[in-house]
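Reviewing the structure listed below.
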Amino acid sequence: MTQDSQELVSRRSLLERASLLGTSLALGLPGAASAGATVSAAPGRFKVVVTGGHPGDPEYGCGGTIARYADLGHDVVVLYLNKGVTPEAARAGNAPDRVAEAAKACEILKARPLYAGQIDGNAIVDRERYEQFRTLLEAERPDVVFTHWPIDNHADHRAISMLVYDAWLRMKKAFALYYFEVSNGEDTVQFTPTHYVDISTVAERKRTACYAHASQTPDRFYQLQEAVTRMRGIERGTAQAEGFIRHVQSPDFTLPLIS
Ligand SMILES: [Zn+2]
């Protein structure tokens, strides 16, 4: 079997699996606008990996979507590039325990935290890190990965976006790839969603998860993020929504919440 035909078979089996899931879930979830619909446990589970530069980024950008996938019984991993503490803060000995904050946020969202082992404010993208990150992602066997939109004013956000993208290419686009927005204007810029997830019924839980990052001035950052989800909600026709850009070459796994 050639590499290409192996890839085709592998993609076909994923598509069949996704189609099966989408069909069964659609019975209890008539469209993405139906946030709050209760559905029975899925016959299979997607592995959803949400990556972010720092503790808090996935929660602020995708917290509602994380909660909705987790509530549907899917396996959600939140993968942070670093632990949110600079070497200078660590040396000073007064750094907040951001890993504990992230653990609390993930518990609220019913996700599992994971770390890629880089240093806050010192992201490195080179051949060795590409390899290390791909190995980490391969081990998770994701069906879908969310990451920062690459046009971002923070170098750590750009770094994980590149690491995900390189892994996606090397893994032969074996998972659906979506980009999210966070701290628009300050971090994410030039973001126009292609897909939306209605988060109206889980917005309060997302807020609690964001506020679990108590050391990160949540009053300021959450206010900005909520303005964004309300704007996306207006676009989507719901109270609050999270917007995403799906890579144009991403496989379409018919994820039930994405429309
Ligand atoms: Zn960040």
Side-chain angles (χ1 to χ4, degrees), residues 48-67 76-90 94-109 111-125 129 132-133 136-137 145-167 177-191 193 199 206-229 232 242-245:
V48 180
V49 177
V50 182
T51 71
H54 313 94
D57 288 319
E59 296 91 324
Y60 275 86
C62 308
T65 300
I66 293 169
V76 187
V77 169
V78 176
L79 172 55
Y80 306 104
L81 182 63
N82 62 59
K83 294 183 174 175
V85 176
T86 62
E88 297 75 27
N94 57 359
D97 191 345
R98 296 191 64 186
V99 171
E101 291 178 345
K104 190 174 166 190
C106 286
E107 189 183 342
I108 291 163
L109 298 174
R112 173 168 60 90
L114 191 63
Y115 292 88
Q118 290 222 21
I119 305 298
D120 187 11
N122 291 272
I124 300 173
V125 178
R129 269 59 172 207
Q132 177 208 37
F133 192 82
L136 183 64
L137 208 52
V145 175
F146 294 87
T147 193
H148 288 270
W149 173 243
I151 305 177
D152 190 293
N153 292 334
H154 199 303
D156 290 354
H157 299 175
R158 296 195 299 274
I160 195 159
S161 192
M162 292 302 105
L163 291 167
V164 168
Y165 195 59
D166 190 76
L177 177 60
Y178 288 86
Y179 293 98
F180 67 83
E181 56 188 334
V182 70
S183 291
N184 299 51
E186 295 184 21
D187 292 341
T188 298
V189 287
Q190 284 184 245
F191 190 89
I199 64 157
K206 172 180 179 175
R207 183 182 191 281
T208 310
C210 290
Y211 271 78
H213 294 278
S215 68
Q216 303 302 304
T217 56
D219 281 337
R220 181 167 100 76
F221 286 114
Y222 186 78
Q223 191 178 34
L224 170 58
Q225 204 63 38
E226 191 183 25
V228 171
T229 54
R232 299 304 179 206
E242 287 170 347
F244 300 96
I245 293 175

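First listed ligand is number 1; within each ligand, the first listed atom is number 1.
Within the 2.8 Å limit, D156 places no N, O or S atom next to the Zn ion (ligand 1). Within the coordination shell of the Zn ion (ligand 1), defined by N, O or S atoms under 2.8 Å, H157 is present.
Our summary of the site lists the angle at the Zn ion (ligand 1) between ND1 of H54 and OD2 of D57 as 90°, to the nearest 10 degrees.
Contact annotation: the side chain of H154 never approaches that of D57 to less than 4.5 Å [non-hydrogen atoms, C-beta and beyond].
Other residues, nucleotides and ligands contribute only 12 or fewer heavy atoms inside 6.0 Å of the CD atom of E107.
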Worked check of side-chain hydrogen bond (donor to acceptor under 3.5 Å, both in side chains) between T147 and S161: CA-CA 6 Å; T147 193; S161 192; 4.6 Å; no

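D120 contributes no side-chain N or O that, together with a main-chain N or O of N82, makes up a donor-acceptor pair within less than 3.5 Å.
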